[in-house]
Undergrad: 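Have a look at the structure that comes next, please.
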Amino acid sequence: MANSDTTFAQSVQSGIAAALIPAPLHDAVTRLCSAAASLARLIALGEIAGDHGSEVGTNLGGDGQKALDVIADELFANALRGSAVCHYASEEQDGVICLAEQGSYGIAIDPLDGSSNIGVNISVGTIFALFPVAETPEATFLRQSDQMVGAGYFIYGPQCCLVISFGAGTQKYTLDPTTGQFVLTAARLTIPAQTSEFAINTSNYHQWHRPIRRFIDDLMQGKNGPRGRAFNMRWVASLVAETHRILTRGGVFLYPGDIRPGYEMGRLRLLYECAPIAFLVTQAGGNATDGRDPILAQPATSLHQRTPFVFGSFDKVARVATYYDTDDRPKA
Ligand code: F6P
Ligand code: MN
């Protein structure tokens with residue numbers, strides 16, 4: 001059950017988020033915070049609360065649905081009923097759900113990101129993007145990503161945090177489980193420019209296109225390679241966890257398209273994964289592209305479309321694009 005006392009009240013005191021956003025939007029985010037705090041408690045209970053990692057079906061995108069995917073989806077949809085959010089587009093639903101006949105906003109949401117990590121006690125998350133409503137439920141979402149009024153994620157890890165932006169920098173709030181409050185812990189996140197970490201699933205090396213292989217080859221050669229220094233690699237397989245690390249200490253993340261059937265445009269979804277992360281990262285001084293072009297310039301043409309995704313420290317992301325100058329584009 002959602003804890004109705006949960007708020008991100010420190011934003012009111014600091015005057016950062018609350019000053020920038022209308023009251024109905026603040027109310028919607030407060031409801032998301034309550035749902036996330038409930039989900040964090042459930043995740044922390046692990047097997048005591050049941051087998052949440054068991055497969056219960058398949059979503060439209062062909063991804064296996066786990067019990068916790070479905071629980072999270074229902075939790076967030078129910079939390080928003082009665083708020084100003086009337087259109088709900090979820091990874092777990094084929095089409096847009098209308099939560100109310102009228103309202104001001106739509107939410108695109110990945111209710112439980114990184115669900116392959118549920119059963120192994122590794123961080124998972126919730127990613128969301130908020131849009132102003134358009135003429136039809138679909139039109140609320142099928143537009144250019146930069147029409148977002150806000151975006152964020154919750155990470156359920158050693159700490160539960162909310163990282164959010166309404167277009168004036170990116171803020172971090174940390175849940176104090178003793179009070180149920182999300183407390184402002186970073187008023188303006190800035191992605192470090194100097195970093196030596198990259199994140200990519202290297203098991204797909206032989207399926208990548210040449211520009212990505214060349215970029216990674218150059219990093220892997222370390223001190224004796226063209227980059228002249230050593231790099232470190234991380235892969236959590238939880239987009240929210242990779243994003244949180246990169247927002248904190250920099251680096252670059254890549255999930256490119258590759259030659260595997262179904263992976264031509266990579267794995268990640270534009271609307272409720274890449275676009276909100278791109279918004280947060282850009283607001284934190286970083287960069288986010290599909291390898292070459294900005295994610296936020298991409299129009300969404302279907303709710304569940306995928307896109308190759310590269311994000312992180314500004315110059316690192318820009319450098320990836322230079323590898324395409326002499327090679328085919330990812331969308332060829
Ligand atoms: O939501 C998709 C996702 O679970 C992301 O959180 C993560 O970045 C990615 O898939 C991992 O993909 P793979 O298992 O192919 O490395
Ligand atoms: Mn996901």
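Both ligands and their constituent atoms are indexed starting at 1 by order of listing. For the single chain, residues carry numbers from 1 onward in sequence order. Everything numeric in this text was worked out from a predicted model, so none of it was measured.
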Undergrad: Between F309 and Y255, is the gap from one ring center to the other below 6.0 Å?
TA: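 No - the distance between ring centres of F309 and Y255 does not fall below the 6.0 Å cut-off.
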
Undergrad: Does CD in Q159 sit with more than 12 non-hydrogen atoms of other residues, nucleotides or ligands closer than 6.0 Å?
TA: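 It does not: Q159 CD has 12 such atoms or fewer within range.
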
Undergrad: Could you check whether D73 and Q93, counting side-chain N and O atoms only, form a donor-acceptor pair closer than 3.5 Å?
TA: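 A pair is found: one side chain offers a donor N or O, the other an acceptor, under 3.5 Å apart.
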
Undergrad: Taking just the N, O or S atoms of D113, which one is nearest to the Mn ion (ligand 2)?
TA: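 Relative to the Mn ion (ligand 2), the closest nitrogen, oxygen or sulfur of D113 carries the name OD1.
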
Undergrad: Centre-to-centre under 6.0 Å for H209 and Y324, is that the case here?
TA: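 Between H209 and Y324, the centre distance exceeds or equals 6.0 Å.
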
Undergrad: Give the atom numbers and elements of ligand 1 that come within less than 4.0 Å of a heavy atom of D113.
TA: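 Counting from 1, the qualifying ligand atoms are 1 (O), 5 (C), 6 (O).
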
Undergrad: Would you confirm whether the ring centroid of Y173 sits within less than 6.0 angstrom of the ring centroid of F154?
TA: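 Here the rings of Y173 and F154 have centres that are no less than 6.0 Å from each other.
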
Undergrad: Is it the case that the ring center of Y263 lies less than 6.0 angstrom away from the ring center of W208?
TA: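 No, they do not, as the ring centres are separated by 6.0 Å or more.
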
Undergrad: Taking N, O or S atoms only and a limit of 2.8 Å, check whether E91 reaches the Mn ion (ligand 2).
TA: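 No - counting backbone and side chain alike, E91 has no N, O or S atom under 2.8 Å.
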
Undergrad: Under 3.5 Å between some N or O of ligand 1 and some N or O of E91?
TA: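 Among all N and O atoms of E91, none is under 3.5 Å from an N or O of ligand 1.
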
Undergrad: Measuring from atom 9 (C) of ligand 1, which candidate in R267, R269, E242 has the nearest non-hydrogen atom?
TA: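 Going through R267, R269, E242 one by one, R267 has the nearest heavy atom to atom 9 (C) of ligand 1.
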
Undergrad: What verdict does the salt bridge (charged side-chain N to carboxylate O under 4.0 Å, His left out) test give for R214 and D218, after you've listed the backbone C-alpha separation in whole Å, the side-chain angles of each residue and the deciding distance to 0.1 Å?
TA: CA-CA 6 Å; R214 284 174 47 228; D218 287 354; over 6 Å; no

Undergrad: Judged by non-hydrogen atoms, does S116 sit under 4.0 Å from ligand 1?
TA: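 The answer is no: ligand 1 sits nowhere under 4.0 Å from a heavy atom of S116.
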
Undergrad: Is it the side chain (CB and beyond), the backbone, both or neither of L268 that lies under 4.0 Å from ligand 1, heavy atoms counted?
TA: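 It is the side chain that touches ligand 1; the backbone stays farther off.
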
Undergrad: Out of all atoms in ligand 1, which are within 4.0 Å of some heavy atom of G114? Include the element for each.
TA: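 Those atoms are 4 (O), 6 (O).
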
Undergrad: Can you pull out the closest protein heavy atom to atom 15 (O) of ligand 1? Residue, atom name and distance to 0.1 Å, please.
TA: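 Scanning the protein heavy atoms, the shortest distance from atom 15 (O) of ligand 1 goes to Y255 OH, 2.6 Å.
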
Undergrad: What atoms of ligand 1 come within less than 4.0 Å of a heavy atom belonging to L239?
TA: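 By the 4.0 Å cutoff, the relevant atoms are 5 (C), 6 (O), 7 (C), 8 (O).
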
Undergrad: Within the 4.0 Å heavy-atom shell around E273, which atoms of ligand 1 are there?
TA: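 Contacts of ligand 1 toward E273, numbered from 1: 1 (O), 2 (C).
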
Undergrad: How wide is the angle at the Mn ion (ligand 2) spanned by D110 OD2 and E273 OE2, rounded to 10 degrees?
TA: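 Rounded to 10°, it measures 90°.
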
Undergrad: Report the C-alpha separation of E197 and R249 in whole Å, then their side-chain angles, then the decisive distance to 0.1 Å, and conclude whether the salt bridge (charged side-chain N to carboxylate O under 4.0 Å, His left out) test is met.
TA: CA-CA 9 Å; E197 257 175 11; R249 68 179 192 209; 3.0 Å; yes

Undergrad: Verify the ring-centre separation between F131 and H87: is it less than 6.0 angstrom?
TA: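 Distance test on ring centres: not under 6.0 Å, no.
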
Undergrad: Which of the atoms of ligand 1 are close to N201, meaning less than 4.0 Å from one of its heavy atoms?
TA: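 Matching atoms, with element in brackets: 13 (P), 15 (O), 16 (O).
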
